[in-house]
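Notes follow the structure.
Basis for what follows: all heavy atoms, side chains included, without hydrogens, waters or symmetry-related copies. All chains are named by letter (A, B, ...) in the order of the sequence lines, taking the proteins before the strands, and each is independently numbered beginning at 1.
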2 protein chains.
Amino acid sequence: MNAEIIAVGSEMLTPSRMDTNSLWLTAQLNDLGIEVVAKAVVGDDRARLAGMIRDALNRAELLLISGGLGPTEDDLTREAVADALGLTLEFRQEALDAIAERFARMNRRMAENNRRQAFILCGAEMLSNPRGTAPGQWLLHGTRALALLPGPPHELKGMYRDHLLGRLRRMAPPLAIRTRQYRITGMGESDVDQLIAPVYKQYANPVTTVLAKPGDVQVHLRARCGDAAEAEALVSELGEKVKALLGDRVYSEDGESLEAAVGRALAARGESLAVAESCTGGMLGERITSVPGSSEYFRGGFLVYSEQMKTGLLGISPELIAEKGVVSEEVAIAMAAAARERTGSTHALSITGYAGPGGGAASAPAGTVCIGYSGPGGETSRRIHFTGDRARVRSLATQSALDLLRRRLTLAVR
Amino acid sequence: MNAEIIAVGSEMLTPSRMDTNSLWLTAQLNDLGIEVVAKAVVGDDRARLAGMIRDALNRAELLLISGGLGPTEDDLTREAVADALGLTLEFRQEALDAIAERFARMNRRMAENNRRQAFILCGAEMLSNPRGTAPGQWLLHGTRALALLPGPPHELKGMYRDHLLGRLRRMAPPLAIRTRQYRITGMGESDVDQLIAPVYKQYANPVTTVLAKPGDVQVHLRARCGDAAEAEALVSELGEKVKALLGDRVYSEDGESLEAAVGRALAARGESLAVAESCTGGMLGERITSVPGSSEYFRGGFLVYSEQMKTGLLGISPELIAEKGVVSEEVAIAMAAAARERTGSTHALSITGYAGPGGGAASAPAGTVCIGYSGPGGETSRRIHFTGDRARVRSLATQSALDLLRRRLTLAVR
């Protein structure tokens, strides 16, 4: 079974807005084994919308239309579908009653134009909308099925769950989905893909998707079968092969973030962590504390953006900075050791670097970052040169620091 | 003149990918006064793509198609356009030479299937692509114009600038664009809209767009006229009215971020800043230091996630915490004063709160945040209860802290 999705609204044709409902709907439809073969965005133009609806129904078995069900003159989805299919709209008292009841409950006066929302396509079922005023519509038309859904995401999602999920499940063949979501750091997207493509390309099912952010690659496997055990066996078979190739670069098998994986390892050992940050200015602490419950293992730390703060707050010797440079592995280790000692934490991480675009030194150009670690097993450091803009350098620096700690905690290696 | 955009590629019909080329192209076309009236995404399916191209050319004067110009069997845009228009494809030696030259330059062997990329629609102009292998195509067909562009964003953008911008500018009437980009904090999106809509709705030109992130609203004005002075007069006239209504909630008139606006004010006064963060764990420092050149005014600070850190690193009295609660305006002020004193900064900001989802106290449920300030003019604080999840509470807390400082610096008020 295949589907198309049309999002209605001129605001989604501007450079700063996009239709995100279709992404959520696609995930839901895929879960039922329904493939999305095309999608479109169209403005509030009755003739153009009617034309696009007609074209889509020539191609797809199922058409979902979001938006354009409001009370104003700009809301034209009802009329456009009627035009496209040669149907009339009929007034339904039950629809108006539900809208009026909602206004009464909120102690607001219903405007005259809300009456427009009570017009339903001849032959369509009305889909109630407890989250907003616009009722949805469901229509079987020849060999095609058609749903009209409200545009606001929480109304659309609620209506899909309440009314469409069951209807579509009965129409689509039964299907079980099993997934794996590996996350990898320390390797680029194309290197990951080159390494694992020879294996995953042998499988049409599971489907493999490789996604990347700076310093972080995700490999999604998604097996779909009529039988749940078979789907699990498929995803597990390919998953083990992929994992074996990626080795200890895999930090998560269920999509967990790196900061959450590190936090879980710390909590399991009953150990604590502190940080000392220069060029990242708090980004490392921010990431660690983005995880709910991080107070169990995160103590705190120091933002030492200037040299005076490094000497004043952390007691780093000015001679060491003068001799080795403020961006050096020696200073990074001294920062980590001081943060650990001053907070009484089990482990401490530090970052010192030139994030750019300006700054840097002859020995350490912009993009150079040193990561320091201090813990019960001793001290270690890394010196890395990142390319890219300031935001990217800072993000990669925190990723490297967290990965260094992950490896200490879970692999007992540098 | 109106346009449609079709993005080709099955990967953009998955829940995790989207077509972003069309946003960039829309901004470019709008700059020329060309309106985008619909856009679509379609998979690598020759018949469906051909059908959608035919449908789009029935509606729009200009059609831009991105993607599907690669060398593999999946790349079907050339063939689909030929099908849709009833044209043949012809081999162009100049296209193959350019592709071969690129491979030679990179010391790589050209594969046999790259030959497919040298087929150009009969009557079309080839658009050279120094950034990749796929040449683009430009075709005038009856009253319609059609461009085939490569999918990778940097190739598409380069080709647009090199080849399309000039052609489209000659086709579209001359147009000058002038914009304002106000940023507002301390007021919700719907409140902003309700306040300014009665004014901006009187103007069809400039077009007004209201965008929002948590704690931050943007109002974009965009005037388009044949004459530049007239466009400037229009955007300035509406801009002054909007600004007068929004008052001191406007922190930027050119889209500058709040952290950059605060940084500029500090740098102008030659003053410095420090922070002490509890529940935000570094997010405030991260935001401040995301601005290039922030070392000019940002000294550093303290991440005091636990009570022991607040007493140990900042010397907050345990009695004060016991008496007032760790999330209290008194503790926030003590944190700011200690951070200021220990770093020798002109100003200091502090944040202490319960970000949730768990935690909180009877007197301060999850979502409660206290902001503290200490500076030459004295000390002040705010206590706020934010709704929403952990990420939202933390983000709103840093926004409030920065706005408190902005008001001290630029308005000389609390």
Side-chain angles (χ1 to χ4, degrees), chain A residues 11 13-18 20 23-24 26-27 30 36-43 45 48 51-52 55 58-59 209 211 220 275 277 279-286 288-290 292-295 298-306 308-309 312-313 342-343 356-359 390-391 394, chain B residues 11 13-18 20 23-24 26-27 30 36-43 45 48 51-52 55 58-59 209 211 220 275 277 279-286 288-290 292-295 298-306 308-309 312-313 342-343 356-359 390-391 394:
Chain A
E11 74 282 4
L13 292 169
T14 59
S16 47
R17 292 270 175 106
M18 52 208 311
T20 53
L23 300 177
W24 187 87
T26 298
N30 290 352
V36 175
V37 293
K39 58 185 188 179
V41 177
V42 58
D45 177 316
R48 184 170 287 120
M52 292 184 76
D55 296 338
N58 278 334
R59 295 182 299 253
T209 314
L211 299 168
H220 293 197
V275 299
E277 303 186 54
C279 66
T280 46
M283 188 188 276
L284 181 57
E286 188 278 321
I288 294 165
T289 59
S290 69
S294 46
S295 56
F298 185 63
R299 291 262 169 106
F302 302 84
L303 308 182
V304 285
Y305 209 56
S306 64
Q308 298 93 301
M309 290 297 110
L313 298 188
R342 279 166 164 71
T343 59
R390 181 178 181 82
R394 291 173 14 121
Chain B
E11 75 283 2
L13 291 170
T14 58
S16 47
R17 293 269 175 108
M18 51 208 312
T20 53
L23 300 178
W24 187 86
T26 298
N30 289 352
V36 175
V37 293
K39 58 185 188 179
V41 178
V42 58
D45 176 317
R48 183 169 290 119
M52 291 183 75
D55 296 337
N58 278 333
R59 294 182 299 253
T209 315
L211 299 168
H220 294 196
V275 299
E277 303 186 53
C279 66
T280 46
M283 188 188 276
L284 181 58
E286 188 278 319
I288 295 165
T289 59
S290 69
S294 45
S295 56
F298 185 64
R299 292 264 167 105
F302 301 84
L303 308 183
V304 286
Y305 210 54
S306 64
Q308 297 94 301
M309 290 298 110
L313 299 188
R342 281 164 162 72
T343 60
R390 182 177 180 83
R394 288 169 22 116

Item to check | B:Glu277 versus chain A, the contacting section by heavy-atom distance below 4.5 Å | outcome: side chain
Checklist outcome for this item: Counting heavy-atom pairs under 4.5 Å with chain A, the top scorer among B:Ala27, B:Ser290, B:Pro357, B:Ser306 is B:Ser290
Checklist entry - If you measure only the distance, is there a donor-acceptor pair under 3.5 Å linking the side chains of A:Thr209 and B:Arg17? => result no
Checklist entry - Relative to chain A, which segment of B:Ala391 carries a heavy atom at a distance below 4.5 Å: side chain, backbone, both, or neither? => result neither
Item to check | From CG (A:Leu13) to OG1 (B:Thr26), nearest 0.5 Å | outcome: 7.0 Å
Next on the checklist: For B:Asp45, which atoms come within 4.5 Å of any heavy atom of chain A: side chain, backbone, both, or neither?
Outcome noted: neither
Item to check | A:Glu286 backbone acceptor or donor facing B:Glu286 side chain under 3.5 Å | outcome: no
Next on the checklist: Using heavy-atom distances under 4.5 Å, tell me whether A:Leu313 contacts chain B through its side chain, its backbone, both, or neither.
Outcome noted: side chain
Next on the checklist: Between B:Gly43, B:Ser16, B:Gly312, who has the most heavy-atom pairs with chain A when the cutoff is under 4.5 Å?
Outcome noted: B:Ser16
Checklist entry - Between atom OH of B:Tyr305 and atom CD1 of A:Ile288, what is the distance when rounded to the nearest 0.5 Å? => result 10.0 Å
Checklist outcome for this item: Honestly, the part of B:Ser295 sitting under 4.5 Å from a heavy atom of chain A is both
Checklist outcome for this item: Turns out that what part of A:Thr280 lies under 4.5 Å from chain B's heavy atoms comes down to backbone
Item to check | Residue part contacting chain A, namely of B:Met283, when any heavy atom lies under 4.5 Å | outcome: both
Item to check | Trace of the side chain to side chain contact (heavy atoms under 4.5 Å, CB included) decision for A:Met309 with B:Thr343 | outcome: CA-CA 7 Å; A:Met309 290 297 110; B:Thr343 60; 3.7 Å; yes
Checklist entry - Given that the side chain runs from C-beta out, which part of B:Leu211 has a heavy atom under 4.5 Å from chain A: side chain, backbone, both or neither? => result both
Checklist entry - What part of A:Val304 is in contact with chain B, defined as an atom under 4.5 angstrom from a non-hydrogen atom: side chain, backbone, both or neither? => result backbone
Next on the checklist: Quick check: do B:Val37 and A:Arg48 have side-chain heavy atoms less than 4.5 Å from each other?
Outcome noted: yes
Checklist entry - Has the side chain of A:Arg394 got a donor or acceptor atom that lies under 3.5 Å from a matching backbone atom of B:Thr289? => result yes
Next on the checklist: If I measure from the heavy atoms of chain A, does B:Arg299 come under 4.5 Å with its side chain, its backbone, both, or neither?
Outcome noted: both
Next on the checklist: If you count heavy-atom pairs within less than 4.5 Å of chain A, which of B:Val42, B:Thr20, B:Val275, B:Leu23 leads?
Outcome noted: B:Leu23
Item to check | B:Thr14 portion near chain A, given a 4.5 angstrom heavy-atom threshold | outcome: backbone
